[in-house]
Student: 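The structure is given below, and queries will be raised subsequently.
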Amino acid sequence: MEPVSKKPKTDEEEIVEDYEVEEYVPDNTLVELASGLTRLQTTADEGMKHEDGPNNMFNGKELSTKYFDILKVRRDLPVHVQRQQFLDTFHSTQIMVFVGETGSGKTTQIPQFVLFDDLPQLQGKMVACTQPRRVAAMSVAKRVADEMDVRLGEEVGYSIRFEDKTSPKTLLKYMTDGMLLREAMHDHNLSRYSCIILDEAHERTLATDILMGLIKQVAVRRPDLKIIVMSATLDAQKFQSYFNDAPLLAVPGRTHPVEIYYTPEFQRDYLESALRTVLQIHATEPEGDILLFLTGEEEIEDACRKLKLESDELTRESGCGPLKAYPLYGSLPPNQQQKIFDDAPPGGRKVIVSTNIAETSLTIDGIVYVVDTGFSKQKVYNPRIRVESLLVAPISKASAQQRAGRAGRTRPGKCFRLYTEDAFKKELNEQSYPEILRSNLASTVLELKKLGIDDLVHFDFMDPPAPETMMRALEELNYLTCLDDDGNLTELGRLASEFPLDPMLAVMLISSPDYYCSNEILSLTALLSVPNVFVRPNNDRKAADEAKNSFAHPDGDHLTLLNVYHAYRSDEAQADPNEWCYQNYLSLRSLQSADNVRAQLKRLMEKNGLELMSTPYEDRNYYTNIRKALTAGYFMQVAKKSSQGGKNSYTTVKDNQDVLIHPSSVLGQDSEWVIYNEFVLTTKNYIRTVTGIRPEWLLEIAPVYYDLDTFRKGDIKMSLERVYKKLEAKK
DNA sequence: GAGCACTGC
């Protein structure tokens, strides 16, 4: 392997390198095929004529029969009618907003309309179309490759976190919004693209929001760049005015009407009301499946049990057909998720009891009735105590509309809202709060800095986050020395931004070679970036806990996780990972995804000249070194045992919150000082994934943060003072 | 002695 330079290129060097305009020499055949077309001045008729063949304008090959079959269907889509109108608007402006309802064909057709007009094959450029989710990017790319009669990965490709299915031939690239953001960090002008289409912008993911702010700036620097912001809702005005009154084009969708029913009065117990409604639909409405929206796993499993009992009784008593209930939520194993697509029992129907996952991520055909409780779990961030938590909260009008729409995909349907019409009109927000207003922004701020945005205070966010949230993020990054005191990116910060990780995790990983344990920290970082690896089935808790205890390390949960990973990588486990995970109450899915993440992080470490090494296992410092490296990233998340309260009572350092160690922790011995991976606010204040550390490490590793003058008088300050004195005496 | 809505790099 080639030696890698430790010093990364500066931003300036990278931009210059990527923005150098080379003379592009297009393929002769392709030039001929596009003859007669003037770039960015074509008409719908010209585009259609070239679409009609006989040769494919983008690869020169003869078009297939299958292509023409699909073309017929495409020309029947609602967007097709407005192709000329689209081109007129596209030509008239640099940035446009496009509103296409579900079923309009916007995600598949608009990028193709652009290709026939923008002719990127003659420019050596690409058209990008972003999606919030990986599956969408993949499946749409596949569909469009078929429509264009090209091989997926050639002229049409996709790019997502663990897979880049593109080639030098690629002209149209579907990608996740996060992926485009990553690219922008190395190419601030997005110079590989002639047109960028932000699809599903109304979902307002963190990445979409940052991209919108960035693209608004890039548009000024690159007058040649075309931008289309696509959204599904009628919330388009906000996008228009944000993009300097960009012109708007709206295309109707193709869905079936859905009748909305409200309850006459407020429902005190939405769960009870939901079950009653489902059973009533089953007893009285014509055939068609039901989709019920609830908030979380436990509630859903509980509802499914109750529905089974009650519907069996209904079948016995009144002779209506069977009702089969299927739970649906994200952490459900894939084979069980798949079951929702099973046919309804003969003579009966199925009801799918789901979280928000069925609102956007998963589409189920055959749903005719939707029961909407009006609630979902939502992430909220409290910058004062720096805690993200999940709360059950009322949904927005936009969400309610989206849920109702799920009933009208195959034929006319009905939606039963378990709240009053008055509540809908007066109490629900128009839109859900965008993610950027509900998150810890440490990662985001680091990304923005890396994107070359120095003045964050004046950065033009569509919805600016609370100043306190920004301050917290800047402060955290400063303590991590990712930003200097003037808020500029440091060498460490530049390196940290290369990793798709929270800054604390990134710093821990980057520091790990200093503690001779980068291999182990690499594994641990991956494990901390995936969903919980421990499985604890409700009816099997005792056995699951015993299995977990067999991996336990007395110094805490991080080392326990590492034990799990090492056992999982052993020959014994790899012989039959499925069975091994089942026997040990571990999630194979999580462990496999940790493997993927680990491989990606390893590549990034090698690319950035970070050495991979281990302390020999026999060395008595093997575990100590790992715990020190943990401290290097997590010195801001430390708690000390309280003098009062139970054995699990701790107080967080600096902000003096009373917390309990989460009952899932294996931390055996009484550790006076612990670092924790997360603070969870549920019935009580818990710290979860906890490891014991030595207080002197804190003073050595993070002297600025542990400047005792900044500490409040009390037990913690006194203890640290004693530790300081001891350290001084040793010197 | 508890609980993980959903995405994404």
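Numbered from 1 within each chain, the chains take letters A, B, ... in sequence-line order.
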Student: Given the side-chain rings of Y634(A) and Y676(A), with only the six-membered ring counted for Trp, is the space between their centroids under 6.0 Å?
Tutor: no
Student: Whole angstrom is fine here: how far is it from CZ in R589(A) over to C1' in dC4(B)?
Tutor: 12 Å
Student: Closest-nucleotide mapping onto DNA chain B: is T295(A) or F499(A) further toward the 5' terminus? I mean the 5' end.
Tutor: T295(A)
Student: Between N440(A) (CG) and dT7(B) (P), how many Å, whole number?
Tutor: 21 Å
Student: Report the distance from atom CG of L391(A) to atom P of dC4(B), rounded to the nearest whole Å.
Tutor: 11 Å
Student: What nucleotide among dC9(B), dC4(B), dA2(B) has an atom nearest to a side-chain atom of K377(A)?
Tutor: dC4(B)
Student: Would you mind classifying the nucleic acid contact of I160(A) as base, sugar-phosphate or nothing, using non-hydrogen atoms under 4.0 angstrom?
Tutor: sugar-phosphate
Student: For Y565(A) and Y568(A), take the angle between the two ring planes, folded into 0 to 90°, and tell me which bin it lands in: parallel under 30, tilted 30 to 60, perpendicular over 60.
Tutor: tilted
Student: Determine: side-chain N/O of K379(A) to OP1/OP2 of dC6(B), distance under 4.0 Å, yes or no.
Tutor: no
Student: Can you tell me the distance, in whole Å, between the CG atom of L495(A) and the C1' atom of dC9(B)?
Tutor: 16 Å
Student: Check this one for me: any side-chain N or O of T682(A) less than 4.0 Å away from OP1 or OP2 of dG3(B)?
Tutor: yes
Student: Expected output is a numbered-order residue list: members of residues 126-135 of chain A with a heavy atom under 4.0 Å from any atom of DNA chain B. What is it?
Tutor: P132(A), R133(A), R134(A)
Student: Determine yes or no for a side-chain-to-main-chain donor-acceptor pair under 3.5 angstrom, with T170(A) supplying the side chain and L172(A) the backbone.
Tutor: no
Student: May I ask you to say what I357(A) touches in the nucleic acid, namely base, sugar-phosphate or nothing, with a heavy-atom cut-off under 4.0 Å?
Tutor: sugar-phosphate
Student: Looking at T166(A) and G153(A), would you say the former's side chain and the latter's main chain have a donor-acceptor pair under 3.5 Å?
Tutor: no
Student: On DNA chain B, check which nucleotide each of R541(A) and S443(A) is closest to and give me the residue with the more 5' one.
Tutor: R541(A)
Student: Is there a side-chain polar atom (N or O) of T176(A) under 4.0 Å from OP1 or OP2 of dC9(B)?
Tutor: yes
Student: Is the shortest side-chain N/O distance from T355(A) to OP1 or OP2 of dC6(B) below 4.0 Å?
Tutor: yes
Student: Using a cut-off of strictly less than 4.0 Å, decide whether R688(A) has a side-chain nitrogen or oxygen near OP1 or OP2 of dC4(B).
Tutor: yes
Student: Any side-chain N or O of Y329(A) below 4.0 angstrom from OP1/OP2 of dA5(B)?
Tutor: no
